[in-house]
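Working notes, structure below.
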2 protein chains.
Amino acid sequence: MGTKGDGNRQRIVEAADGLFYRHGYNQTSFQDISDATGIPRGNFYYYFKTKDEILEAVVNSRVEGLSEMLSRCEAEANDGRERLLLFSNMLEYNRDNVIESGCPIGTLCSELAKDDAALHTKSRQAFVLLRDWIKRQFQSAGLGNADDLAMDLLAKIQGVTVLASAFKDIDYVKRSHLEIKNWINEKTLN
Amino acid sequence: MGTKGDGNRQRIVEAADGLFYRHGYNQTSFQDISDATGIPRGNFYYYFKTKDEILEAVVNSRVEGLSEMLSRCEAEANDGRERLLLFSNMLEYNRDNVIESGCPIGTLCSELAKDDAALHTKSRQAFVLLRDWIKRQFQSAGLGNADDLAMDLLAKIQGVTVLASAFKDIDYVKRSHLEIKNWINEKTLN
DNA sequence: GTCTATATGTAGATAGAC
DNA sequence: GTCTATCTACATATAGAC
């Protein structure tokens, strides 16, 4: 809990987060994180026993950041429909990153599904959080099939991010974002 | 063009194809391909100068297989709507693999978007082929926004494969396949 | 707590015998 | 065409000085 050590720990996690997103987990080496932070390789093992533990910390950090983002959506809107619309803006807000590297959650999960099962399960946590939050918004809008709708919305977003990054197409993201907002309105407005 | 060598070359490509799909390109080593084929590592360099060239051959092989599959869809149905429905069956036909490893095209493209640009461009070829074929089917159904619809259908499938593999959910794939078939009918039946 | 030096394994790639 | 032995680079991880 020392302030100095926690500062370094956080710097490692933040640098690893960005590198895992832009280059992938397996393609990010300790040397890459060292270069990005200025912290020597050997020092990492004071904070993390293995590379897996860095990933765990990164996913925890992403879940925390996501939680705060969802909380802001709840604070800035009063009903489920408006909150979902705010949430969907994330697509366009991050569109440059999405085109470059896809969705940080989706691509990490897809990468780790081909690897270690424990890492994949860990990486899924961000999806679980999102699915549950979206489900609650649809429920608060009075819809009975809220979990199916949550999966449908997540799938729409994932589909868009995969193709946006594959074809590097900005206009496609904008058009798809509009369609997603229309879909949210269709489902939640009676 | 010798028959012996081509046989070994094809065995390498087929084994690499499966390994790239199940474990990812970067996580597949020459040793893995050697173990799967019984062909010694050093022999690979008689057929391919680099690992990149193996990937190129794998993508070419996938594009060829995909072409044949699309040709079968064209042969077995007479109009665009029915052909698209046949094509969508692929989701359920391959559902065990999809749940385990996602979409072979989508996951490869997502992985390589974070890597070398040339490899990513190569991996996109299968998507380009699919997009164009789907577009032609919508056009033959008399629809003007065929390319947008092609992107929408691809996005639907990609979204389903990402979540199916993330949550390992068979029922979700079945339900989503039905929804996709309904969507194709909605768009193509006036 | 921090950093250097290093251990150990494995990656892609090469040389050259057969 | 096929295979063994090996090169070089770099990966994660450890030991131990400061």
Side-chain angles (χ1 to χ4, degrees), chain A residues 1-20 22-59 108 111-112 114-120 122-123, chain B residues 1-20 22-59 108 111-112 114-120 122-123:
Chain A
M1 286 204 285
T3 48
K4 190 80 167 298
D6 283 2
N8 268 358
R9 194 193 136 98
Q10 191 176 350
R11 280 170 60 211
I12 293 170
V13 171
E14 282 171 8
D17 191 344
L19 289 163
F20 290 173
R22 292 194 304 279
H23 301 134
Y25 172 74
N26 289 304
Q27 290 302 106
T28 299
S29 70
F30 281 68
Q31 186 62 51
D32 294 330
I33 305 173
S34 172
D35 292 345
T37 56
I39 298 167
R41 284 191 306 286
N43 199 353
F44 295 172
Y45 292 90
Y46 175 75
Y47 301 100
F48 309 98
K49 276 194 282 291
T50 63
K51 193 185 176 185
D52 298 6
E53 286 192 10
I54 299 183
L55 176 78
E56 198 180 349
V58 165
V59 173
L108 183 66
E111 178 183 1
L112 297 177
K114 297 175 187 288
D115 255 49
D116 188 74
L119 293 186
H120 175 249
K122 181 70 195 174
S123 73
Chain B
M1 287 207 285
T3 48
K4 190 81 168 297
D6 283 2
N8 266 358
R9 193 194 137 97
Q10 192 176 350
R11 280 170 62 210
I12 292 170
V13 172
E14 282 170 8
D17 191 344
L19 288 163
F20 290 173
R22 292 193 304 278
H23 301 133
Y25 172 74
N26 290 304
Q27 290 303 106
T28 298
S29 68
F30 281 69
Q31 186 62 51
D32 293 331
I33 304 173
S34 171
D35 291 345
T37 55
I39 298 166
R41 282 192 305 286
N43 199 355
F44 296 172
Y45 291 90
Y46 175 73
Y47 301 101
F48 309 97
K49 276 194 282 292
T50 63
K51 193 185 177 187
D52 298 6
E53 286 192 9
I54 299 183
L55 176 78
E56 199 180 348
V58 165
V59 172
L108 183 66
E111 176 183 4
L112 297 177
K114 297 175 187 287
D115 255 48
D116 188 74
L119 294 185
H120 175 250
K122 182 70 195 174
S123 73

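Every chain is numbered from 1 and lettered A, B, ... according to where its sequence line falls, protein lines coming before strand lines.
- Between B/Y46 and D/dC3 there is no side-chain N or O to OP1 or OP2 distance below 4.0 Å.
- Following rounding to the nearest Å, A/F48 (CZ) and D/dT12 (C1') show an atom-to-atom distance of 15 Å.
- Look at CG on A/D32: it is 13 Å from C1' on D/dT12, rounded to the nearest Å.
- An OP1 or OP2 oxygen of C/dA11 is reached within less than 4.0 angstrom by a side-chain nitrogen or oxygen of B/S29.
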Report task. Mind running side-chain contact (heavy atoms from CB on, under 4.5 Å) on A/V59 and A/L55 for me, showing each step along the way? Result -> CA-CA 6 Å; A/V59 173; A/L55 176 78; 4.3 Å; yes
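- Taking atom CZ on A/F44 and atom P on C/dG1, their separation rounds to 17 Å, with Å as the unit.
- For A/N8 and C/dT2, the shortest distance from a side-chain N or O to OP1 or OP2 is below 4.0 Å.
- If you take CG of A/N43 and C1' of D/dG16, they are 14 Å apart, rounded to a whole angstrom.
- Note on ring orientation: taking the six-membered ring where Trp is involved, the planes of A/F20 and A/Y25 are perpendicular (angle over 60°, cut-offs 30° and 60°).
- Summary of the strand contacts: A/T28 and B/G42 both lie near DNA chain D, and taking for each the nucleotide with the nearest heavy atom, the more 5' one is attributed to B/G42.
- For B/Y45 and C/dA13, the shortest distance from a side-chain N or O to OP1 or OP2 is below 4.0 Å.
- The distance from the OH atom of B/Y47 to the CD1 atom of B/I12 is 6.0 Å, given to the nearest 0.5 Å.
- At whole-Å resolution of the value, CD1 in B/I39 and P in D/dT2 are 8 Å apart.
- Under the 6.0 Å cut-off for aromatic ring centres, A/Y45 and A/F30 qualify, their centroids lying closer than that.
- The CZ-P distance, from A/R41 to D/dA11, rounds to 9 Å in whole Å.
- For the pair B/I33 CD1 and C/dG12 C1', the interatomic distance rounds to 11 Å; values are reported in whole Å.
- When the P atom of D/dT2 is taken as reference, atom CZ of B/R9 falls 13 Å away, rounded to whole Å.
- Distances shorter than 4.0 Å separate some side-chain N or O of B/Y47 from OP1 or OP2 on D/dT2.
- In this structure, the nucleotide among D/dA13, C/dG12, D/dT4 sitting nearest to the side chain of B/P40 is D/dT4.
- The closest donor-acceptor contact from the side chain of B/D32 to the backbone of B/S29 lies under 3.5 Å.
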